[in-house]
There are 2 protein chains.
Amino acid sequence: MATIKDVAKAAGVSVATVSRVLNTSENVRPDTVEAVQRAIEELDYHPNFLGRTLRRLETMKILVIVPTISNQFYSRVIRGIQSVAHQNGYHVMLAITESGLDSEQEYVQMAQRKLVDGIIFLHSTLEPERINELADSCPVVCANEYIPHTKLSVVSIDNVQAGYDATSFLLENGHRSIAFVSASSLYSSSALRRDGYLKAMAEWGISAEESWFLNEGLTFKAGRRAADRLLQMENLPDAVFAASDSAAIGLISALSGHGIQAGKDISIMGFDNNQIAEYYIPALTTVSQPQMEIGQKAMELLINKIQNPSCEPQRVTLPHRLEIRASVRLAPSRPAREKERKIHP
Amino acid sequence: MATIKDVAKAAGVSVATVSRVLNTSENVRPDTVEAVQRAIEELDYHPNFLGRTLRRLETMKILVIVPTISNQFYSRVIRGIQSVAHQNGYHVMLAITESGLDSEQEYVQMAQRKLVDGIIFLHSTLEPERINELADSCPVVCANEYIPHTKLSVVSIDNVQAGYDATSFLLENGHRSIAFVSASSLYSSSALRRDGYLKAMAEWGISAEESWFLNEGLTFKAGRRAADRLLQMENLPDAVFAASDSAAIGLISALSGHGIQAGKDISIMGFDNNQIAEYYIPALTTVSQPQMEIGQKAMELLINKIQNPSCEPQRVTLPHRLEIRASVRLAPSRPAREKERKIHP
DNA sequence: TCACCTCCTGTAATCGGTTACATCTCCATA
DNA sequence: TATGGAGATGTAACCGATTACAGGAGGTGA
C-alpha cells in the first residue's frame, strides 16, 4: 500500500504539497500538480481517509438507528436521509435493532467513541435520561417518533391529527364500532394516533369499548393476532383502524380465511401507505406519510446541528394525507369524487 | 472531550498505562488499574476509536452494497450478515444503490481508502474487470448474484434448479403456456432462473414463445407492466412464473382489476417467499430462499477472507424450497398432502 | 552483597494524513 | 538598488490512540 510519503518521494516534493494537490487547494504550481498526479497514478495511490479523519476529528458518517428495515416505511425514510446525506458528503451507517443482537446502547457508544458525527433515531427504547446524556455529547435528531422528556429535534407528521382524520373518515362513512390495532406501549406515534382516535370517537359521542383496543403490535403477525381476538368477540366491530399497513394486511388476510371480506363485511383502515397498500386485494385505505421528506428533513436538521452545535432543537411537522381505496366501505351518500383529502397541519 | 492524555494526567500515570488498562492487557498493578478507572469515570472518558483504527489499520467495518432495501428479500439477507458480523465484532455499513445518488464506484472507493475492511455485493452493475481490480486490493464476497468473469466467493441458491423446479411444478399441474417475468439483463439470478425454465419446458417438449418473455423487471410496477402486456395477447397464458414476489403481486393485482383471478383463471408463481406472499390474497405460491443463511454464510466467507487474504474463493450453494399456496391452480389428480417439496442441491 | 529475573511503568516512535508557520524565490515598485 | 509582497514549497507539530523498547523497583539465590 502506497502512502502519501511514497508519493512525495516519487514526485520529488514534500508530503504537504501532495496533500495540497489531493485537496485541490490553493497555490501549487501547475507542473508540480502534474508531477504529483503522475506519481499518484504510477503508485496506484489511494489516500487513507483514516488519517484525515483523525486529524480533522470528523468522520463524515452518521448513524441511523432503526427498529427494522423489513417495513417499507423505514426504508423510504432511510432513502430520504441518504439523499440529503449524500448531497452533503456524508455516509450513512445503519443500526438495525430488531434482531436484538446489537443493543441500542452499543450503537450509541459508536457516537461517543467518535466513530460517527451524529445520530438519527427512527425509534428508541432507551430511557429519556440516557438519550439526553447522549445528546449532550453528540448531535441527535429523532424522526417519526417523539421521545418524551427529551430536548431533541423531531420530524414527524401530526399523529394525533392523523388518527383523528382516519377515525373521522370511518365515522363519516357510517361506521360506529371501531377497533384500534397498535403498539401504543412501544411507539409514541401509536399512542398519539390513539389519542386522535379517541378524540374523534368522543366528538361523535361514542365511548370506545375496552375490547376494541388491540395492542398487538404493528407487524403482519400482529394483525393476525388481532384478527383472532376480533373473531372471539360476540359482535364484530364495523371497522378496524390499524396503526400500520402491515397489521392491517395481517388482519385482512386472517379474516378472509374465515370468509370475512374487508371492504364488504368489515372496513379496515391502515397507516403508512406502503407500496403494498396499493397492490393488495382489496387495495388498502390508509394514511399516507411523506416518508422521504421526513428522512430528508431529519438529515437537514442533523447537519445543521453538526455544523452549529449550539442551535436550538426544532419540531418539524409534515403533512399527512388520507389515501382512500377499497378496504373501507363508503357510505352510499358520500360523493364519489372526494377521493382524497389533503390535511395540512 | 477528554483524551487518553487527560486520563493519564488525572491518574498520575503515563498514556501507555491507561492504554494497557483499557485493553485489559498484561501486567498492571491492581491499585493502578483502579486509579485509572477512577480517572476514566471522573472525566467521563470514552476512547476515540479512530486513533486505534489508524494505528491498527483495521476498521472493523464492512460494506454491503445492495440495490434496494424496500424488498424484504434484501432486508433478510442483511439481517443474516449483521448477525454474523456482530458476533465477530464487525459493524455493517449499507450502500443502497437504487437511488442512483451514490454510484457504486463511489462506495467502492471507501474500501480502497481503507474506510472498511471488506465488501459484500448483493448485486453489482460494475464491469467484471473493475470488480476483479477491487478484489485484488480488498476482500470481496458476492451473495445471491453471481458476477461472471470474476474470481469471487459466491453464496446463493442453485437458481437454474430453482427455475426448473418452479416451472416443472407448473407443468406437472397441467399448465402448458407459461410466461416468464424477470430482469434477466440486470440480474444473473434472473437469467439463471430462465435457463431452468427453458430446461423444464424443453423436457416437456414445449417451445416457449417469444412473447412469453416479459423482461419488465422485479418490482410491483414491473408486474403491472407485465400484466398490461399479457392483456394485449390474443391468448392469455395458463400461467406466469415471475422471478420475484413483488412482480408476481403487481401482476395479480393488475389482472384482478380486469376480472382475472390468480389461482382460478390464471396461475401465478412468485420467487423469494417474502412475508407478504403468505398474507396476500390469494396467498402466493413461490420459491423460498434461505435469505438469512445466505447473509450469514456470506459474512463468514468475508471474515475468513479478511483474516486469511490468500484463501481460495468458494462457491456455496444453499437449498431452496417450493412453497405451495393458492395462486397456482393444482391439477385435480394431484394428491393434497404433497404441499411442500424440499430440494437439496 | 551482587547478579539476575520478574513485574510494572514510562518514553517515544508510529499509524497516515492535515495544516500552521517558516522559508525561499521572484517580481514589482519606490 | 533596496524593499515589500505574493506565491510556492518545505518542516514539523498534531490528531488519539497502540506498542516496542528501555528502565526502575523489588525479590531471590548464590
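Please read these numbers as outputs of a predicted model, since none were measured by experiment.
Between the CG atom in A/Asn159 and the OH atom in A/Tyr187 there is a gap of 13.0 Å [rounded to 0.5 Å]. Here CE of B/Met110 is found 8.5 Å from CD1 of B/Ile119. Values are rounded to the nearest 0.5 Å. In this structure, the separation between OG1 on A/Thr32 and CG on A/Asn27 is 11.5 Å, given to the nearest 0.5 Å. Atom CD of B/Glu145 and atom CG of B/Leu192 lie 8.0 Å apart (nearest 0.5 Å).
With a cutoff of under 4.0 Å to any heavy atom of chain A, the contacted region of DNA chain D is bounded 5' to 3' by D/dA8 to D/dG16.
For B/Tyr74 and B/His123, the ring centers sit 6.0 Å or farther from each other.
A straight line from NZ of A/Lys5 to P of C/dT18 spans 13 Å, rounded to a whole angstrom. Rounded to whole Å, the distance from NZ on B/Lys114 to C1' on C/dC15 is 14 Å. Atoms CG (A/Asn27) and P (C/dC26) sit 17 Å apart, rounded to a whole Å. The CG-C1' distance, from A/Leu50 to C/dT14, rounds to 15 Å in whole Å. Atom CZ in B/Arg113 sits about 19 Å away from atom C1' in C/dC15, given to the nearest Å.
Minimum interatomic distance between B/Ile294 and B/Val155 (heavy atoms only, all atoms of both residues): O-CG1, 3.8 Å. Looking at every heavy atom in both residues, A/Thr59 comes nearest to A/Lys114 through CG2-O, 3.2 Å. Taking all atoms of both residues into account, the shortest heavy-atom contact from A/Ala8 to A/Ser14 is CB-C, 3.7 Å. Of all heavy-atom pairs between B/Met93 and B/Val116, the closest is SD-CG1, 4.4 Å.
The number of heavy-atom neighbours closer than 6.0 Å to CZ of A/Arg130, taken from other residues, nucleotides and ligands shown, is 12 or below.
For the segment residues 55-63 of chain B, residues with any heavy atom less than 4.0 angstrom from an atom of DNA chain D are, sorted by number, B/Arg55, B/Arg56. For residues 42-49 of chain B, proximity to DNA chain D is found at B/Tyr45, B/Pro47, B/Asn48, defined as any non-hydrogen atom under 4.0 angstrom from a strand atom.
Mapping B/Gly51 and B/Arg29 onto DNA chain C by nearest heavy atom places B/Arg29 at the nucleotide closer to the 5' end. Residues B/Ala16 and A/Ile4 both approach DNA chain C. Their nearest nucleotides, taken by heavy-atom distance, put B/Ala16 toward the 5′ side.
Contact check, B/Thr17 against C/dG10: a side-chain N or O comes under 4.0 Å of OP1 or OP2. The side chain of B/Arg20 contributes no N or O atom lying less than 4.0 Å from OP1 or OP2 of C/dC8. For A/Ser19, no side-chain nitrogen or oxygen approaches OP1 or OP2 of C/dG17 to under 4.0 Å.
B/Thr32 comes within contact range of the sugar-phosphate backbone alone, with a heavy-atom separation under 4.0 Å but no base atom that close. Within the 4.0 angstrom heavy-atom criterion, no nucleotide atom of any strand lies near A/Val18.
A salt bridge does not link A/Glu41 with A/Arg38: every distance from a Lys NZ or Arg NE/NH1/NH2 to an Asp or Glu carboxylate oxygen is 4.0 Å or more.
Residue B/Thr150 forms a side-chain contact (heavy atoms from CB on, under 4.5 Å) with just one option from B/Ile131, B/Leu126, B/Val140, and that option is B/Ile131.
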